[in-house]
Amino acid sequence: MTETRQYGFDTLQVHAGSHPDPATGARQTPIYQSTAYVFRDAEHAAKLFNLQEVGYIYSRLTNPTVAVLQERIATLEGGIGAVCCSSGHAAQIMALFPLMQPGCNVVASTRLYGGTVTQFSQTIKRFGWSAKFVDFDDPQAVADAIDENTRAVFGEAIANPGGWIMDVRAIADVADAAGVPLIIDNTTATPYLVRPIEHGATLVVHSTTKYLTGNGTVTGGCIVDSGKFDWSASGKFPSLSEAEPAYHGLRFHETFGGMAFTFHGIAVGLRDLGMTMNPQAAHYTLLGIETLSLRMQRHVANAEKIAAWLETHPAVAEVTYAGLPSSPYNALAKKVCPEGAGGLFTFRLKGGYDACVKFIDSVEIFSHVANLGDTRSLCIHSASTTHRQLSPEQQEAAGAGPDVVRISIGIEDADDLIADLEQALAKAAPQMAAE
Ligand SMILES: *Cc1c(COP(=O)(O)O)cnc(C)c1O
């Protein structure tokens with residue numbers, strides 16, 4: 001597309017990064033199911049390997065279908081470049097990898113996807129990295145947790161599982177003052193509802209498995225760079241600012257400027273960690289993104305209606321949806337995500353653990369699965385599944401206590417969803433059925 005005007009989100013979600021295929025005219029982005037690409041000649045090959053010319057070598061590093069998706073997500077997020085990878089969890093490791101060394105830490109929110117809490121509190125220790133968990137509702141606590149070994153601050157814009165809102169600007173200011181990048185996991189918000197870079201974030205990570213793909217078909221991840229962080233200012237990020245021995249002494253920041261993080265992610269990250277997205281997955285995610293705004297509008301409209309209905313149900317003790325006027329996060333939601341607070345939230349049942357299990361076993365339209373952001377409505381009892389590996393204290397801090405059910409509202413007919421919830425709640429708490 002000729003960039004003569006600033007296209008709107010709805011146009012970019014369909015067009016950004018894609019062009020009719022130059023060889024065939026194919027209008028939809030082809031699935032370039034090829035491992036390798038023929039070099040024009042020996043000099044061309046040498047230039048590609050030296051990163052003096054951009055092109056395709058081998059699909060562990062770059063693939064034309066995946067490249068379209070990278071440009072599409074980078075554009076929607078307002079970033080300068082993006083690297084796709086095999087899952088959301090891979091994206092988190094890929095985001096931290098250029099920043100961290102043994103002995104370094106990341107300051108992370110207590111309210112994260114359960115798998116991320118485990119990845120950060122346990123698995124990254126094997127790399128000599130560590131995480132400090134703090135309450136991101138308190139920017140001063142974040143400032144106090146940052147020390148001379150902190151290399152990143154990490155939080156979710158709309159936090160899983162409760163759908164709580166993070167004041168991205170306030171935390172970005174804290175990270176800025178300390179000279180470290182803020183990484184936002186924007187999976188549950190999507191760039192349609194929140195563009196963290198506009199609120200001061202340096203990097204955005206996604207599990208594209210969720211709303212971006214939207215149909216529950218493939219796993220994938222993405223790291224978007226704002227291109228705005230000065231990697232050379234502090235000497236804290238030598239893999240980007242100094243000669244990188246893993247790439248024959250290349251200085252990424254000096255050589256690529258704003259694109260340093262993206263090039264590093266491909267040339268070192270994907271090359272050596274190998275967490276590559278395959279072109280089939282990129283294809284499904286590209287199809288999904290074409291309808292992202294339409295789906296998110298319906299997810300939000302349905303979630304608002306259903307959360308308001310649940311809040312009045314006698315079996316329900318609390319509903320966490322930030323789109324509800326009663327939510328302590330409602331004012332922040334209007335500031336951070338004025339288009340809506342997403343489609344994910346939790347509610348607590350007065351009947352506790354047993355009522356939650358009965359509810360989960362009684363739903364008919366809702367599917368009991370460990371996923372979110374599908375066109376289908378989904379539900380799960382976090383304490384016995386996604387947040388099972390966490391201690392009881394971590395579960396409470398993450399908003400996933402034993403009496404909590406998480407729901408991901410789909411795009412079905414809202415009244416059908418309410419009817420399903422009503423019959424399941426009647427079975428879970430027969431003595432408290434709605435009048
Ligand atoms: C699912 C999820 C992840 C992990 O993504 P995968 O694609 O499953 O690896 C990370 N963060 C959030 C908020 C998620 O919902």
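Just so you know, ligand 1 is whichever comes first in the structure, and atom 1 is the first atom listed for that ligand. Numbers for residues simply follow the sequence, beginning at 1.
- The shell of residues lying under 4.0 angstrom from ligand 1, judged by heavy atoms, includes N160.
- Ion pair D361/K427 not flagged as a salt bridge, since none of the NZ, NE, NH1 or NH2 atoms sits closer than 4.0 Å to an Asp/Glu carboxylate oxygen.
- A side-chain donor-acceptor contact under 3.5 Å links D10 and S293.
- Considering backbone and side-chain N/O atoms, H89 comes within less than 3.5 Å of an N/O atom of ligand 1.
- Ring geometry for F256 against F263 counts as parallel: the plane angle stays under 30°, on a 0 to 90° scale with 60° as the upper cut.
- For atom 11 (N) of ligand 1, the nearest non-hydrogen atom from the set L112, D185, T187 comes from D185.
- For ligand 1, the polar-atom distance check finds an N/O of T209 within less than 3.5 Å of one of the ligand's N/O atoms.
- Scanning all protein heavy atoms for the shortest distance to atom 10 (C) of ligand 1 gives Q92 OE1, 3.3 Å.
- In the model, T285 has a side-chain atom that pairs as donor or acceptor with a side-chain atom of T213 under 3.5 Å.
- In terms of polar-atom proximity, G88 is counted as a contact of ligand 1, with an N or O under 3.5 Å from an N or O of the ligand.
- With ligand atoms numbered from 1 in the order given, ligand 1 contributes 15 (O) to contacts under 4.0 Å with heavy atoms of L372.
- Side-chain N/O atoms of Y32 and D21 include a donor and acceptor closer than 3.5 Å.
- Checking only distances, E156 never comes within under 3.5 Å of ligand 1, N or O to N or O.
- A donor-acceptor contact closer than 3.5 angstrom links the side chains of N63 and Y37.
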For this session: Please step through side-chain hydrogen bond (donor to acceptor under 3.5 Å, both in side chains) for the pair E412 and S377, ending with a clear verdict.
Result: CA-CA 8 Å; E412 304 98 326; S377 289; 2.8 Å; yes

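- Interface of S87 with ligand 1, defined as ligand atoms under 4.0 Å from a residue heavy atom, comprises 7 (O), 9 (O).
- The ring pair (Phe, Tyr, Trp, His ring centres under 6.0 Å) test applied to Y58 returns no partner, not counting sequence neighbours.
- An N or O contact shorter than 3.5 Å is missing between T188 and ligand 1 by distance.
- The single protein non-hydrogen atom nearest to atom 14 (C) of ligand 1 is K210 NZ, 3.0 Å, given as residue, atom name and distance.
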